[in-house]
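What you are looking at is a predicted structure, and each value in this text was computed from that prediction instead of being measured. So that the names make sense, note that chain A is the first sequence line, chain B the second, and so on, each numbered from 1.
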Number of protein chains: 2
Amino acid sequence: MNKKQEITADRFTRLCKARGLKITPQRIAVYEALKNSKEHPSADRIHKQLVHTFPSISLDTVNRTLITFARIGIIDVVEGQGDPRRFDPNREAHHHFYCLSCNKIFDFHDPDPEQIHIPEQITQMFTITGKRLCLSGYCNHCRYQAAETATPAN
Amino acid sequence: MNKKQEITADRFTRLCKARGLKITPQRIAVYEALKNSKEHPSADRIHKQLVHTFPSISLDTVNRTLITFARIGIIDVVEGQGDPRRFDPNREAHHHFYCLSCNKIFDFHDPDPEQIHIPEQITQMFTITGKRLCLSGYCNHCRYQAAETATPAN
DNA sequence: TTGACAAATACGTATCAATCCTATTTAATA
DNA sequence: TATTAAATAGGATTGATACGTATTTGTCAA
């Protein structure tokens with residue numbers, strides 16, 4: 001169903017070294033934690049999780065590491081609406097649905113991102129590294145409550 | 001080129017009243033400032049701009065007002081990558097290119113959002129209120145620098 | 001295997017965004 | 001014009017992220 005673009009430990013090592021990054025226990029732990037996560041977590045969430053098995057790891061390191069990984073392209077930063085930065089280990093082309101109520105992000109694959117037409121004006125003017133359909137609204141769990149909550153003012 | 005879905009002052013008033021919102025000088029100022037902006041600004045940016053002509057307006061009010069407007073659907077929150085929340089007065093269906101270097105957001109219209117196929121599984125499972133193609137990468141101005149900057153580690 | 005060094009980490013601190021609290025003001029309405 | 005609920009200002013708080021720095025640690029070459 002969700003055959004992710006798995007990056008093996010070996011490939012992880014090679015990708016890091018190719019970019020001059022040292023292989024540290026922290027980096028391995030952060031990458032593994034993200035890879036095994038299904039919820040597009042924030043740095044803080046990953047840190048909270050890792051601290052159980054890696055008590056000395058600092059939030060700063062987790063955050064820096066994730067940003068570094070995103071920069072060298074082994075993970076992605078996902079689009080949000082002003083909430084804490086979140087990450088995605090799945091670099092296979094896919095799309096997102098973002099729930100405005102619970103902030104969960106759901107993946108889907110159809111349509112094929114390759115097939116989506118981008119005007120030449122855009123492809124010429126920009127170097128495009130990410131292409132994704134971003135849907136927003138209310139997930140099945142939230143949509144009924146949302147109707148009630150979307151009431152008064154302020 | 002960019003024929004926005006203009007909301008007249010009159011329509012603005014009606015939309016607010018329909019949702020039980022009072023028409024205050026602050027709300028008018030915030031809405032006008034956003035409508036005249038071309039840069040998908042943050043609350044802070046709008047506030048900094050308004051303070052010149054409306055010295056007593058508070059950041060809290062600007063922020064609250066923008067969020068309120070988004071909730072009643074007269075403006076949009078735009079997707080970002082962990083940066084401060086930003087807003088878009090243009091509710092006409094359109095797409096975004098996000099520059100990872102300078103964080104500018106560029107609009108484009110092709111392809112027609114109505115024509116993009118979303119799997120039924122998704123349309124059934126969620127109430128979709130926003131649909132947008134999100135491109136990211138480097139804008140014309142940044143892409144050459146980016147190649148140089150994307151160097152070492154950390 | 002070890003020594004040297006640049007890179008990475010931990011952690012305290014600083015900064016900035018966003019929200020909350022509450023006294024005061026104000027738009028709407030009758 | 002008086003009433004009232006809603007909205008505002010502005011200070012305080014919280015939370016996310018980045019920074020500064022002393023220390024530790026991979027890496028690589030001798």
*Asks:* Among C:dA10, C:dA8, C:dA17, which nucleotide has an atom closest to any side-chain atom of B:Pro84?
*Replies:*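 Out of C:dA10, C:dA8, C:dA17, the nucleotide with an atom closest to B:Pro84's side chain is C:dA17.
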*Asks:* Toward the 5' end of DNA chain C, which comes first, B:Ile23 or B:Ala43, by nearest nucleotide?
*Replies:*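 Counting from the 5' end, the first nearest nucleotide belongs to B:Ala43.
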*Asks:* Can you hop from B:Phe54 to B:Val51 via hydrophobic side chains spaced under 4.5 Å?
*Replies:*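 Yes; tracing contacts between hydrophobic side chains, which count when under 4.5 Å, links both residues.
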*Asks:* In whole Å, I'd like the distance from the CD atom of B:Gln81 to the C1' atom of D:dT17.
*Replies:*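 Roughly 16 Å, once rounded to whole Å.
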*Asks:* In whole angstrom, what separates A:Tyr31's OH from C:dA8's P?
*Replies:*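 So the two atoms are 18 Å apart, to the nearest Å.
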*Asks:* Has B:Gln26 got a side-chain N or O lying under 4.0 Å from the OP1 or OP2 atom of D:dA9?
*Replies:*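 For B:Gln26, the contact criterion (side-chain N or O under 4.0 Å from OP1 or OP2 of D:dA9) is met.
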*Asks:* Respond yes when some side-chain nitrogen or oxygen of A:Thr61 is under 4.0 Å from OP1 or OP2 of C:dA10, and no when none is.
*Replies:*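 True: A:Thr61 side-chain N/O within range (under 4.0 Å) of C:dA10 OP1/OP2.
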*Asks:* Is there a side-chain contact between A:Asn63 and the phosphate of D:dA16, meaning an N or O under 4.0 Å from OP1 or OP2?
*Replies:*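 Checking A:Asn63 against D:dA16: no side-chain N or O falls below 4.0 Å of OP1 or OP2.
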*Asks:* How many whole angstroms separate atom CZ of B:Arg64 from atom P of D:dG10?
*Replies:*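 Between P of D:dG10 and CZ of B:Arg64: 12 Å.
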*Asks:* Would you kindly compare B:Ser42 and A:Asp60 by the position of their nearest DNA chain C nucleotide and give the one closer to the 5′ end?
*Replies:*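 The residue closer to the strand's 5' end, by nearest nucleotide, is A:Asp60.
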*Asks:* Nearest-Å distance, CG (A:Leu59) to C1' (D:dG15)?
*Replies:*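 So the two atoms are 11 Å apart, to the nearest Å.
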*Asks:* I need the CD1-C1' distance between B:Ile67 and D:dA7, as an integer number of Å.
*Replies:*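 Going from B:Ile67 (CD1) to D:dA7 (C1'), I get 15 Å.
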*Asks:* Rounded to whole Å, please give me the gap between CZ in B:Phe69 and P in D:dA7.
*Replies:*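 Distance, rounded to whole Å: 11 Å.
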*Asks:* Would you say A:Ile116 ends up clustered with A:Met125 if hydrophobic residues are merged whenever their side chains have heavy atoms under 4.5 Å apart, either directly or through other cluster members?
*Replies:*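 Linked within one cluster.
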*Asks:* Is there a continuous path of hydrophobic side-chain contacts, each under 4.5 Å between heavy atoms, that joins B:Val78 to B:Leu135?
*Replies:*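 Each belongs to a different hydrophobic cluster.
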*Asks:* Applying the 4.5 Å side-chain criterion to the ILVMFWY set and letting contacts propagate, would B:Phe108 and B:Leu100 be lumped into a single cluster?
*Replies:*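 Each belongs to a different hydrophobic cluster.
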*Asks:* Take B:Val62 and A:Pro25, find for each the nucleotide of DNA chain D with the closest heavy atom, and name the residue whose nucleotide sits nearer the 5' end.
*Replies:*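 The 5'-side residue here is B:Val62.
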*Asks:* May I have the distance from B:Asp83 (atom CG) to D:dT17 (atom C1'), rounded to whole angstrom?
*Replies:*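 Going from CG in B:Asp83 over to C1' in D:dT17 covers 12 Å.
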*Asks:* Kindly say if B:Arg27 contacts the phosphate of D:dA7, meaning a side-chain N or O under 4.0 Å from OP1 or OP2.
*Replies:*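 Answer yes for this pair, as a side-chain N or O of B:Arg27 is under 4.0 Å from OP1 or OP2.
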*Asks:* Closest to the A:Lys22 side chain: C:dT19, C:dA10, C:dA8?
*Replies:*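 For A:Lys22, the side-chain atoms sit closest to C:dA8.
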*Asks:* For A:Ser56 and C:dA10, is the shortest distance between a side-chain N/O and OP1 or OP2 below 4.0 Å?
*Replies:*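 For C:dA10, OP1/OP2 do have a side-chain N/O of A:Ser56 under 4.0 Å.
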*Asks:* Select base, sugar-phosphate, or nothing to describe what B:Leu66 touches, counting heavy atoms under 4.0 Å on all strands.
*Replies:*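 If one applies the 4.0 Å heavy-atom cut-off, B:Leu66 turns out to touch nothing in the nucleic acid.
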*Asks:* Should A:Arg85 be listed as having a side-chain N or O under 4.0 Å from OP1 or OP2 of D:dA18?
*Replies:*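 Affirmative; the distance criterion is met.
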*Asks:* Can you tell me the distance, in whole Å, between the CG atom of B:Leu21 and the P atom of D:dA5?
*Replies:*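 Those two atoms, CG and P, are 18 Å apart.
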*Asks:* Hey, mind stepping through B:Asn63 and B:His47 against side chain to side chain contact (heavy atoms under 4.5 Å, CB included) and telling me if it holds?
*Replies:* CA-CA 8 Å; B:Asn63 192 48; B:His47 178 249; over 6 Å; no
